[in-house]
Enquirer: 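The following block contains the structure, expressed as structure tokens.
Computation of the quantities below employed the complete heavy-atom set of this structure, encompassing side-chain atoms and omitting hydrogens, waters and symmetry-equivalent molecules.
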Amino acid sequence: MTYQLRDTFILNGQEYGIEQIISNNYSWFNPYHYGFSPYYTCTACWRGYQCCYAINEGRLNLITLNINNNGDKYPTFKKIEADIIKSHNWFSASYNNIFFDFKFTGKVIVAKDFIYEKYRDYCDYPSIWMHEKVVELYFRRGKLISVSDKSQEMNYKRYCDE
């Protein structure tokens with residue numbers, strides 16, 4: 001199976017990939033809830049969209065939405081006009097600088113600095129512990145409650161499994 005294009009998260013000015021979202025409700029951003037009908041153009045992104053998130057003034061925000069929308073119609077979203085991408089890569093449009101604050105409750109695990117040697121040895125879908133830097137973010141109704149660096153735990157897991 002093709003490794004899927006990840007959503008990203010900007011944390012302290014650095015870009016992380018979102019590895020896991022843990023929640024008991026359905027409060028994570030979903031473009032279907034806002035009238036979009038994404039479609040895929042590449043097997044590396046079956047969802048047909050990719051998002052970038054960040055923390056702004058202590059709150060979880062959607063910053064960018066890259067998307068292919070059914071019928072190639074791109075309405076105004078949160079007062080932002082779509083930037084139509086002429087040289088079609090993976091997405092036909094991008095909404096930038098959205099700063100959409102949504103009420104997610106749960107944990108988001110983000111990671112960066114993938115260790116490629118571990119993936120070659122593992123022969124399965126990449127795991128969170130295959131990253132040098134792993135951070136767990138906890139939100140309540142969109143407000144950042146805590147940030148926990150899990151990098152040492154992942155380092156322990158990497159070397160205890162060998």
Enquirer: Is the backbone N or O of F102 less than 3.5 Å from a side-chain atom of R141, with the two atoms forming a donor-acceptor pair by type?
Expert: no

Enquirer: Does the plane of the ring in Y53 sit parallel, tilted or perpendicular to the ring in W28? Use 30° and 60° as the thresholds.
Expert: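 Correct class here is tilted.
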
Enquirer: Quick one: are I10 and I63 in side-chain contact, heavy atoms under 4.5 Å?
Expert: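 The answer is no; the side chains never approach within 4.5 Å.
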
Enquirer: For P31 and P38, which heavy atoms make the closest approach, and how far apart are they?
Expert: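 Closest approach of P31 to P38, heavy atoms only: CG-CG, 4.0 Å.
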
Enquirer: For residues F9 and C52, determine if any side-chain heavy atom of one lies less than 4.5 Å from a side-chain heavy atom of the other.
Expert: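 No; the side chains remain at least 4.5 Å from each other.
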
Enquirer: Just by modelled atom types, is the E81 backbone N or O under 3.5 Å from a matching donor or acceptor in the T76 side chain?
Expert: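 Not confirmed, T76 side chain does not pair with E81 backbone.
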
Enquirer: Which value, rounded to the nearest 0.5 Å, describes the distance between L144 atom CG and Y138 atom OH?
Expert: 11.0 Å

Enquirer: Is any side-chain heavy atom of R47 closer than 4.5 Å to one of D7?
Expert: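 A side-chain contact under 4.5 Å exists here.
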
Enquirer: Are any non-hydrogen side-chain atoms of N96 and I80 less than 4.5 angstrom apart?
Expert: no

Enquirer: Just how far is it from atom CG of L137 to atom OG of S148, taken to the nearest 0.5 Å?
Expert: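 Those atoms lie 8.5 Å apart.
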
Enquirer: Counting only heavy atoms not in N24, do more than 12 sit closer than 6.0 Å to its CG atom?
Expert: no

Enquirer: Side-chain contact test, heavy atoms from C-beta onward, threshold under 4.5 Å: evaluate it for I109 versus I22 and give yes or no.
Expert: yes

Enquirer: Between CE of M130 and CD of E19, what distance do you get to the nearest 0.5 Å?
Expert: 10.5 Å

Enquirer: Would a 4.5 Å heavy-atom cut-off, applied to side chains only, mark T8 and T64 as touching?
Expert: no

Enquirer: For T43, is there any backbone N or O sitting under 3.5 Å from a side-chain donor or acceptor partner on Q4?
Expert: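 It does hold such a pair.
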
Enquirer: Counting only N and O atoms by type, is there a donor-acceptor contact under 3.5 Å from the side chain of T41 to the main-chain atoms of W90?
Expert: yes

Enquirer: Could you give the distance from CZ (R140) to NZ (K103), rounded to the nearest 0.5 Å?
Expert: 14.5 Å

Enquirer: Give a yes or no answer on whether the side chain of S151 reaches the backbone of V134 with a donor-acceptor pair at less than 3.5 Å.
Expert: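 Pair found, side chain donor or acceptor close to backbone of V134.
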
Enquirer: Roughly how far, to the nearest 0.5 Å, is CG of N66 from SG of C51?
Expert: 8.0 Å

Enquirer: With a 4.0 Å cut-off, would you call K133 and D113 a salt bridge?
Expert: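 Salt bridge flag = no for D113 with K133.
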
Enquirer: Take a 6.0 Å sphere around NZ of K73 and say whether it holds more than 12 heavy atoms from other residues, nucleotides or ligands.
Expert: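 Count not over threshold, so no.
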
Enquirer: Find out whether I85 and S92 are in side-chain contact, i.e. whether some heavy atom of one side chain is under 4.5 Å from a heavy atom of the other.
Expert: no

Enquirer: How close do P75 and Y95 get, heavy atom to heavy atom, and via which atoms?
Expert: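 Nearest heavy atoms, P75 then Y95: O-OH, 2.6 Å.
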
Enquirer: Is it the case that over 12 heavy atoms from other parts of the model lie below 6.0 angstrom from the NZ atom of K107?
Expert: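 12 or below, so no.
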
Enquirer: Please test Y40 against F91 for ring-ring contact (aromatic ring centres under 6.0 Å, His included), starting from the C-alpha separation and ending with a verdict.
Expert: CA-CA 8 Å; Y40 73 94; F91 305 104; over 10 Å; no

Enquirer: Per the side chain to side chain contact (heavy atoms under 4.5 Å, CB included) rule, which among F77, F36, Y39 passes with I67?
Expert: F36

Enquirer: Honestly curious: do I21 and Y34 fall in one hydrophobic cluster under the side-chain, below-4.5 Å linking rule?
Expert: yes

Enquirer: Taking everything shown except N25 itself, do over 12 heavy atoms lie less than 6.0 Å from its CG?
Expert: yes

Enquirer: Under a single-linkage definition using a 4.5 Å side-chain heavy-atom cutoff for Ile, Leu, Val, Met, Phe, Trp and Tyr, are I145 and L60 assigned to the same hydrophobic cluster?
Expert: no

Enquirer: Do the side chains of I55 and V135 join up, straight or via other hydrophobic residues, at under 4.5 Å, putting them in one cluster?
Expert: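 Yes, one cluster joins them.
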
Enquirer: Decide yes or no for I98 and N61: does some side-chain heavy atom of the first lie under 4.5 Å from some side-chain heavy atom of the second?
Expert: no

Enquirer: If I take atom CZ from residue F114 and atom CZ from residue R6, how far apart are they, to the nearest 0.5 angstrom?
Expert: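 If I round to the nearest 0.5 Å, the distance is 8.5 Å.
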
Enquirer: For K112, is the NZ atom crowded, meaning more than 12 foreign heavy atoms sit under 6.0 Å from it?
Expert: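 Counting other residues, nucleotides and ligands, NZ of K112 exceeds 12 neighbours.
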
Enquirer: List the steps and the verdict of ring-ring contact (aromatic ring centres under 6.0 Å, His included) for F104 and F29.
Expert: CA-CA 8 Å; F104 172 74; F29 175 76; over 10 Å; no

Enquirer: Using modelled atom types and a 3.5 Å cut-off, is there a donor and acceptor pairing between side-chain atoms of Q50 and backbone atoms of L65?
Expert: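 Between the backbone of L65 and the side chain of Q50 there is no qualifying donor-acceptor contact (under 3.5 Å).
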
Enquirer: At their closest point, which heavy atom of S37 faces which heavy atom of Y32, and how far apart are they?
Expert: CA-CE2, 4.0 Å

